[in-house]
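In each ligand, atom 1 is the first atom listed, and ligand 1 is the first ligand listed. Atom set for the values below is all heavy atoms of this structure, side chains included, hydrogens, waters and symmetry mates excluded.
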Amino acid sequence: MKILILNGPNLNLLGKREPEIYGSDTFEDYFAKLQFKFKDLELEYFQSNIEGELIGKIQEVGFSYDGIVLNAAAYTHTSIGIGDAIKAVTTPVIEVHISNTHKREEFRHVSYISPVARGVILGFGLQSYDLAIQSFL
Ligand code: CA2
């Protein structure tokens, strides 16, 4: 089973800035733990700060992979383009967030991903990604 973990803008700063909100692990460290835990899965990780690159990656894998775990970060709240890409592909997408966006500013309560995602997992820290992977098993 092939699953892509796709992270959006600024998530490359995980573990380096704002640990009180996002924790102190880098995503690379956490990804290694996921690969160890889910040895039978082919996990791939891609991060970009560029909306078009995220859309390109969704199109690239979206007809062949078994799942996409997507944290579109700030683009969650703005990107009709990412929402349209998810709608256009056949691979199911689970939307994840590290923080509980509903406990935060009102602009984070809106998601262009949720209406086209298979499901949404948020507020469990990095464990949100683990839970999303489990939903494909
Ligand atoms: O809680 C989440 O996972 C978010 O997707 C994170 C986004 C935010 O815009 C969403 O509303 C919720 C922000 C990602 C920024 O990540 C940073 C990590 C470390 C330091 C600074 C930013």
Side-chain angles (χ1 to χ4, degrees):
M1 190 177 248
K2 274 184 155 179
I3 294 176
L4 171 71
I5 297 177
L6 185 55
N7 272 347
N10 298 308
L11 286 165
N12 54 314
L13 298 177
L14 277 178
K16 296 167 192 154
R17 299 273 187 281
E18 300 186 59
E20 65 289 354
I21 304 177
Y22 298 111
S24 51
D25 278 358
T26 68
F27 199 82
E28 286 74 9
D29 290 342
Y30 184 66
F31 183 65
K33 289 180 191 165
L34 289 176
Q35 284 180 305
F36 185 77
K37 176 168 179 182
F38 296 103
K39 284 198 183 66
D40 295 340
L41 303 180
E42 261 186 73
L43 294 180
E44 180 184 328
Y45 167 55
F46 182 76
Q47 187 275 333
S48 178
N49 295 323
I50 300 168
E51 187 176 12
E53 287 188 358
L54 296 167
I55 293 171
K57 196 71 185 173
I58 292 166
Q59 292 181 5
E60 181 190 317
V61 308
F63 296 94
S64 55
Y65 281 35
D66 300 292
I68 298 174
V69 175
L70 172 64
N71 186 346
Y75 289 142
T76 304
H77 319 298
T78 61
S79 181
I80 295 168
I82 294 177
D84 282 349
I86 295 167
K87 209 171 164 193
V89 299
T90 52
T91 298
V93 173
I94 308 295
E95 174 184 358
V96 301
H97 297 285
I98 298 164
S99 61
N100 179 349
T101 47
H102 295 288
K103 271 184 167 170
R104 302 181 65 190
E105 303 94 323
E106 207 149 314
F107 67 84
R108 295 187 205 274
H109 301 180
V110 174
S111 170
Y112 285 91
I113 312 300
S114 302
V116 288
R118 175 187 275 185
V120 182
I121 298 173
L122 54 88
F124 293 96
L126 287 174
Q127 202 196 348
S128 296
Y129 293 85
D130 184 323
L131 296 169
I133 292 168
Q134 286 186 51
S135 77
F136 287 115
L137 303 180

Flag if over 12 foreign heavy atoms under 6.0 Å of OH, Tyr112: no
Neighbour count above 12 (heavy atom, 6.0 Å) for Lys87 NZ: no
4.5 Å side-chain heavy-atom contact, Leu126 and Phe27: yes
Between Thr76 and Glu95: side-chain donor-acceptor atoms closer than 3.5 Å: no
Lys39 atom NZ, over 12 foreign heavy atoms within 6.0 Å: yes
Min heavy-atom dist Thr101 to ligand 1 below 4.0 Å: yes
N or O contact, Tyr22 vs ligand 1, cut-off under 3.5 Å: no
Neighbour count above 12 (heavy atom, 6.0 Å) for Glu106 CD: no
Ligand 1 N/O within reach of Ile98 N/O, cut-off under 3.5 Å: yes
Per atom 10 (C) of ligand 1, closest listed option by heavy atom (Glu20, His109, Glu95, His77): His77
Inter-residue atom distance Leu43.CG - Leu34.CG, 0.5 Å rounding: 6.5 Å
Ligand-side contact atoms (ligand 1) for residue partner Arg108, heavy atom cut-off under 4.0 Å: 8 (C), 9 (O), 10 (C), 11 (O)
Residue portion contacting ligand 1 (non-hydrogen atoms closer than 4.0 Å) for Lys16: neither
Close-contact set for ligand 1 against Ala74 heavy atoms, below 4.0 Å: 9 (O)
Nitrogen or oxygen of His97 less than 3.5 angstrom from that of ligand 1: yes
Atom 1 (O) of ligand 1: nearest protein contact (heavy atom, Å): Ser99 OG, 2.5 Å
Residue portion contacting ligand 1 (non-hydrogen atoms closer than 4.0 Å) for Asn71: side chain
Atom indices of ligand 1 within 4.0 angstrom of Glu18 heavy atoms, with elements: 21 (C)
Side-chain donor/acceptor of Asn49 to backbone N/O of Asn10, under 3.5 Å: yes
